[in-house]
Protein chains: 2
Amino acid sequence: MEKTRALDSLSALSHEVRLDVFRLLIQAGPDGMSAGQIADALNIRANTLSNNLGILAQTGLVRSVREGRSIRYFAGMEAMRSLLGFLMQDCCGGQAEICEPVLNQIACNC
Amino acid sequence: MEKTRALDSLSALSHEVRLDVFRLLIQAGPDGMSAGQIADALNIRANTLSNNLGILAQTGLVRSVREGRSIRYFAGMEAMRSLLGFLMQDCCGGQAEICEPVLNQIACNC
DNA sequence: TCCATAATTCATGTAATAATGAATTGATTC
DNA sequence: GAATCAATTCATTATTACATGAATTATGGA
């Protein structure tokens, strides 16, 4: 992951609504949730949520699929894992072999 | 980890200087680096760096120890690990047992 | 075709963040 | 105890992000 994307990802998560949305989708797992379900669950206005979903989606931290007149959102586990990889890159003074196998397991079967 | 601290941590990392500093300290490992060494390595003014180290330190993402007239900084691996735990909490629709053992290994022997 | 629902886009006023120069605190050495 | 070096604090200015109300696009059903 390049630095610009890491910064965008971290910036996306450093906002209460977006953090709540991301964690909700993490917890929802493979089923995901529609925008309306997210708005109801977190009590957020539709346009505010839409803006923030867009910001998360730009980073890959959430993905979306249209289903009829709804749009279903999912946590982007791959983006999450590569963000963690970037943060921990060359950890511990070059002994990367200690950390990288761990990070490779964050995929979490979702 | 409570949400407020997670937001502060993510906000701290979503800034180019602070992200560079954090990753540099991750790479430096257990030896850490003095503020002056960090400033030299990243070509940052002393007061700018000091402000940003302070913001990182508030979150626990960096720790510091005075050594004579220098101050030595380290990456705060424990804070990092608990941030990841918060982000991934109750991952995958309640099947937390898939993810938590992985996160517990991020400690990375540093 | 017309209406209702789901979600997004746009425009605006407000508030939070950041970089810099100057001054200050703390620790060492002569 | 004066001088020096390392790091921090303070005050100012400029930039950026945010929430909201109103309008718009897209889909499905009557």
Side-chain angles (χ1 to χ4, degrees), chain A residues 3-25 28 31-76, chain B residues 3-25 28 31-76:
Chain A
K3 184 159 70 173
T4 305
R5 170 160 283 234
L7 282 168
D8 289 344
S9 300
L10 291 163
S11 176
L13 290 174
S14 66
H15 179 281
E16 184 166 18
V17 166
R18 294 193 294 263
L19 181 59
D20 286 344
V21 169
F22 177 75
R23 296 212 315 142
L24 185 63
L25 291 175
D31 292 341
M33 293 175 73
S34 72
Q37 288 176 317
I38 298 170
D40 286 347
L42 299 178
N43 197 28
I44 306 170
R45 292 164 185 266
N47 58 355
T48 297
L49 176 61
S50 182
N51 275 326
N52 287 313
L53 281 171
I55 290 169
L56 283 166
Q58 280 177 352
T59 67
L61 286 169
V62 309
R63 293 176 294 106
S64 65
V65 172
R66 180 172 275 279
E67 278 185 359
R69 59 175 81 173
S70 292
I71 298 183
R72 184 165 290 272
Y73 284 88
F74 308 87
Chain B
K3 184 159 72 173
T4 305
R5 171 161 283 237
L7 282 168
D8 288 345
S9 301
L10 291 163
S11 176
L13 290 174
S14 65
H15 179 283
E16 184 166 17
V17 165
R18 293 193 295 261
L19 181 59
D20 286 344
V21 168
F22 178 75
R23 297 213 314 140
L24 185 63
L25 290 176
D31 292 341
M33 294 175 73
S34 72
Q37 289 176 316
I38 298 170
D40 287 347
L42 299 177
N43 197 28
I44 308 171
R45 291 165 186 265
N47 56 356
T48 296
L49 176 62
S50 182
N51 276 326
N52 288 313
L53 281 172
I55 290 169
L56 284 166
Q58 280 177 353
T59 68
L61 286 169
V62 309
R63 292 176 294 107
S64 65
V65 172
R66 180 170 275 279
E67 278 185 359
R69 61 175 81 171
S70 294
I71 298 183
R72 185 165 289 273
Y73 284 89
F74 307 88

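Order of the sequence lines sets the chain letters (A, B, ...), proteins ahead of strands, with each chain counted from 1.
- Legend: salt bridge (charged side-chain N to carboxylate O under 4.0 Å, His left out) pairs involving residues 56-75 of chain A, not counting sequence neighbours, sorted by first then second residue: A/Glu67-A/Arg72.
- Contact annotation for B/Thr48: base contact, defined as any heavy-atom pair under 4.0 Å involving a base atom.
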Using atom types as modelled, flag every donor-acceptor pair under 3.5 Å from a side chain in residues 7-17 of chain B to any protein atom, sequence neighbours excluded.
unit_1: B/Ser9; atom_1: OG; unit_2: B/Arg5; atom_2: O; d: 2.8
unit_1: B/Ser14; atom_1: OG; unit_2: B/Leu10; atom_2: O; d: 3.4
unit_1: B/Ser14; atom_1: OG; unit_2: B/Ser11; atom_2: O; d: 3.0
unit_1: B/His15; atom_1: ND1; unit_2: B/Val17; atom_2: N; d: 3.3
unit_1: B/His15; atom_1: ND1; unit_2: B/Arg18; atom_2: N; d: 3.4
unit_1: B/Glu16; atom_1: OE2; unit_2: A/Lys3; atom_2: NZ; d: 2.9

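- Looking at the side chain of B/Ala35, the nearest of the listed nucleotides D/dT8, C/dA6, C/dT20 is D/dT8.
- Taking atom CG of B/Leu49 as the reference point, atom C1' of D/dT9 lies 14 Å away to the nearest angstrom.
- Spacing between atom CG of A/Leu42 and atom C1' of C/dA7 amounts to 16 Å, rounded to whole angstrom units.
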For every nucleotide of nucleotides 21-30 of chain C, 5' to 3': is a protein heavy atom under 4.0 Å from its base (B), only from its sugar-phosphate (S), or from neither (-)? BB----SB--
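- For B/Leu53, whose side chain is taken as the heavy atoms from C-beta onward, the closest listed nucleotide among D/dT20, D/dT8, C/dA19 is D/dT8.
- A/Gln37 places its CD atom 14 Å from the C1' atom of C/dA7, with the value rounded to the nearest Å.
- To the nearest angstrom, P of D/dA17 lies 9 Å from CD1 of A/Ile55.
- The stretch residues 3-18 of chain A comes close to DNA chain D through A/His15, A/Arg18, each having a heavy atom under 4.0 Å from the strand.
- For the pair B/Arg72 CZ and D/dT8 P, the computed distance is 14 Å after rounding to whole Å.
- The heavy-atom pair separating B/Phe22 from B/Ala75 by the smallest distance is CE1-CB, 4.4 Å.
- Atom CG in A/Asn52 sits roughly 11 Å away from atom P in C/dT8 (whole-Å rounding).
- Listed here is the closest heavy atom pair of B/Val62 and B/Leu53: CG2-O, 4.0 Å.
- Residues in residues 31-58 of chain A take part in no salt bridge (charged side-chain N to carboxylate O under 4.0 Å, His left out) pair, two or more places apart or across chains.
- Closest non-hydrogen pair, A/Leu49 versus A/Ala35, comes out as CD2-O, 3.2 Å.
- Interatomic distance, CD1 of A/Ile55 versus CG of A/Leu61, reported as 12.0 Å (0.5 Å rounding).
- Nucleic acid contact class of B/Ser50 (heavy atoms, under 4.0 Å, all strands): base.
- Atom-to-atom, CD1 of A/Ile71 to C1' of C/dT8 comes out at 8 Å; the value is rounded to the nearest Å.
- One can place CD1 of B/Ile44 at 15 Å from C1' of D/dT8, the figure rounded to the nearest angstrom.
- Across all their heavy atoms, B/Thr59 and B/Leu56 have their closest contact at OG1-O, 2.6 Å.
- Using a 4.0 Å cut-off, some side-chain N or O of A/Tyr73 falls inside it from OP1 or OP2 of C/dT8.
- Residues satisfying the side-chain contact (heavy atoms from CB on, under 4.5 Å) criterion with A/Ala6, sequence neighbours excluded, are A/Met1, A/Leu83, A/Phe86, B/Leu19.
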